[in-house]
Amino acid sequence: MAKICWLLAGGVDLEKSEQFASDNYSGVCPQAWEAMALANKSDEPAYGEDRWTQQAADELRRLFDTDCEVYFVFNGTAANSLALASMGQSFHSVICHELAHIETDECGGPEYASNGAKLLLGTGADGKLTPESIEHLVTKRSDIHYPKPKVISLTQATEVGTVYTPEDIQTIRTVADKHGLRIHMDGARFANAVAALDVHPSEITWKAGVDVLCFSGTKNGLALGEAVVFFNKSLAEDFEWRCKQAGQLASKMRFISAPWCGLLENDVWLANARHANACAERLEQGIARIPGVELRFPRQANGVFVELPETVQLALREKGWHFYTFIGGSARLMCSWATRPDQVDRFLADLKSLV
Ligand SMILES: *Cc1c(COP(=O)(O)O)cnc(C)c1O
């Protein structure tokens with residue numbers, strides 16, 4: 001309590017915290033906040049039986065232009081873990097890139113939720129799983145002692161800020177069809193990928209053969225809440241029980257779904273993603289003009305990866321900049337709906353002065 005009062009009293013200069021650490025450092029976008037306030041004006045049925053949840057699901061069906069099944073859970077780890085658990089049996093395996101969040105950052109959540117389905121790690125440049133790598137993992141063994149491959153998981157946009165094009169996904173779908181595999185998409189930055197590719201959301205999901213999408217609202221501008229979208233509706237059988245058992249059924253569900261309505265109305269989700277991508281592009285272009293600093297991966301969505309000497313990283317941090325270096329040592333600079341162009345420019349000026 002004392003700490004909250006201290007914060008409210010201005011004990012912390014909130015404006016001063018400058019960061020490119022992650023898109024989930026950002027706050028809630030105004031449209032989502034307003035929808036949340038609106039949902040607070042009346043009582044509503046609990047556990048997703050409310051009007052907001054119905055509307056958000058309908059709007060997602062409209063957005064994807066197909067009759068899909070939609071569920072809302074609290075976070076991305078739960079969305080991925082529960083979706084993957086519903087896509088195979090415990091003796092199956094899930095093929096993903098070695099950098100995939102489900103492998104590196106979910107504390108074994110997918111294996112836990114599926115009672116043991118094993119992740120098989122594939123490779124590919126720029127964080128993208130290649131058809132060859134998938135083919136290799138599927139065909140190298142077919143005996144009873146190997147966990148039977150059942151699912152391919154693609155992260156869109158990837159952990160290193162690149163995107164799978166519709167053609168990339170279609171090619172992977174061909175491999176999937178050949179071997180009877182399902183496709184899961186970790187869409188923690190799905191909105192950024194749609195904005196980057198300038199495609200209709202259906203073109204990089206069900207039309208390209210994706211069975212289940214975990215569509216993040218959190219990184220796009222919500223406080224919390226991810227949509228699990230089943231294009232392959234048969235995989236959604238009893239999914240609500242899976243969510244409930246895992247502690248992922250929100251009793252006041254409308255406070256997840258109403259903000260989703262705020263994002264979906266007038267394509268706020270897309271505007272948020274376009275803004276984040278544009279800020280990343282501004283960063284990328286500014287960095288490209290600074291001699292002696294190397295970009296690490298192609299900048300395609302809202303993240304910029306840059307090789308910086310340790311001393312420069314340290315000096316930037318001393319100036320108050322926050323960023324992570326957990327992927328291969330390069331500095332990851334993430335932009336969000338809330339990133340300001342002047343913030344990008346201040347970072348660039350600081351960086352320029354240090355190299
Ligand atoms: C952020 C993120 C998630 C979700 O993480 P949670 O912290 O569980 O919400 C999933 N996949 C990727 C690639 C992410 O960046």
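Numbering of ligands and ligand atoms starts at 1, following listing order. We number each residue from 1, following the sequence as shown.
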*Asks:* Examine Arg317 relative to Phe323 and say whether NZ or CZ is less than 6.0 Å from the centre of the six-membered ring and inside a 45° cone about the ring axis.
*Replies:*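 Flagged: Arg317 positioned over aromatic ring of Phe323.
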*Asks:* Glu106 heavy atoms, cut-off 4.0 Å: which ligand 1 atoms fall inside?
*Replies:*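 Counting atoms of ligand 1 from 1, those under 4.0 Å from Glu106 are 10 (C).
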*Asks:* Which bit of Thr77 is near ligand 1, meaning a heavy atom under 4.0 Å away: side chain, backbone, both or neither?
*Replies:*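 Near ligand 1, Thr77 shows its backbone as well as its side chain.
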*Asks:* Relative to the ring of Tyr25, is the ring of His322 parallel (under 30°), tilted (30 to 60°) or perpendicular (over 60°)?
*Replies:*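 Answer is tilted, since the angle falls between 30° and 60°.
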*Asks:* Which ligand 1 atoms, with their elements, are less than 4.0 angstrom from a heavy-atom of Thr155?
*Replies:*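 Listed by number with element: 13 (C).
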*Asks:* Is it true that Thr218 lies under 4.0 Å from ligand 1, counting heavy atoms only?
*Replies:*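 No.
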*Asks:* Show the atoms of ligand 1 that are less than 4.0 angstrom away from any heavy atom in Lys219.
*Replies:*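 Heavy-atom distances to Lys219 below 4.0 Å select 1 (C), 2 (C), 3 (C), 14 (C), 15 (O).
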*Asks:* Checking the N or O distance criterion of under 3.5 Å, is ligand 1 in contact with Asp186?
*Replies:*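 Yes - when backbone and side-chain N and O of Asp186 are compared with those of ligand 1, one distance drops under 3.5 Å.
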*Asks:* Are any of the N/O atoms in Gly76 less than 3.5 Å from those in ligand 1?
*Replies:*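 Min N/O separation from ligand 1 is below 3.5 Å for Gly76.
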*Asks:* Could you label the plane-to-plane angle of the Phe64 and Phe190 rings as parallel, tilted or perpendicular, counting under 30° as parallel and over 60° as perpendicular?
*Replies:*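 Tilted: the ring planes of Phe64 and Phe190 meet at 30° to 60°.
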*Asks:* With under 30° as parallel and over 60° as perpendicular, where do the rings of Phe239 and Phe230 fit, or are they tilted in between?
*Replies:*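 The rings of Phe239 and Phe230 stand perpendicular, inter-plane angle above 60°.
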*Asks:* What atoms in ligand 1 come closer than 4.0 Å to a heavy atom of Ala188?
*Replies:*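 What qualifies from ligand 1 is 2 (C), 3 (C), 10 (C), 11 (N), 12 (C), 13 (C), 14 (C), 15 (O).
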*Asks:* May I ask you to identify, for Arg189, whether its side chain, its backbone, both or neither come under 4.0 Å of ligand 1 on a heavy-atom basis?
*Replies:*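 For Arg189, only side-chain atoms sit under 4.0 Å from ligand 1.
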*Asks:* Any idea which atoms of ligand 1 are less than 4.0 Å away from a heavy-atom of Glu159?
*Replies:*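 Near Glu159, the atoms of ligand 1 are 13 (C).
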*Asks:* Suppose we measure from atom 10 (C) of ligand 1 to each protein heavy atom; which comes out shortest, and what is that distance?
*Replies:*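 I find the closest protein heavy atom is His101 ND1, 3.3 Å.
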*Asks:* Run the numbers on Ser142 and Lys148 for side-chain contact (heavy atoms from CB on, under 4.5 Å), then give the verdict.
*Replies:* CA-CA 8 Å; Ser142 60; Lys148 190 171 192 259; over 6 Å; no
*Asks:* Inspect the contact between Arg242 and Asp238 and indicate whether a charged nitrogen and a carboxylate oxygen are less than 4.0 angstrom apart.
*Replies:*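 Salt bridge between Asp238 and Arg242, a charged N being under 4.0 Å from a carboxylate O: no.
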*Asks:* Using the rule that Ile, Leu, Val, Met, Phe, Trp and Tyr join whenever any side-chain heavy atoms are under 4.5 Å apart, tell me whether Val304 and Ile327 fall into a single cluster.
*Replies:*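 Val304 and Ile327: separate clusters.
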*Asks:* Under a 4.0 Å threshold between the charged nitrogen and the carboxylate oxygen, would Arg282 count as salt-bridged to Asp345?
*Replies:*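 Answer for the salt bridge query: yes.
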*Asks:* Less than 3.5 Å between some nitrogen or oxygen of Glu226 and one of ligand 1, yes or no?
*Replies:*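 No: no nitrogen or oxygen of Glu226 is under 3.5 Å from one in ligand 1.
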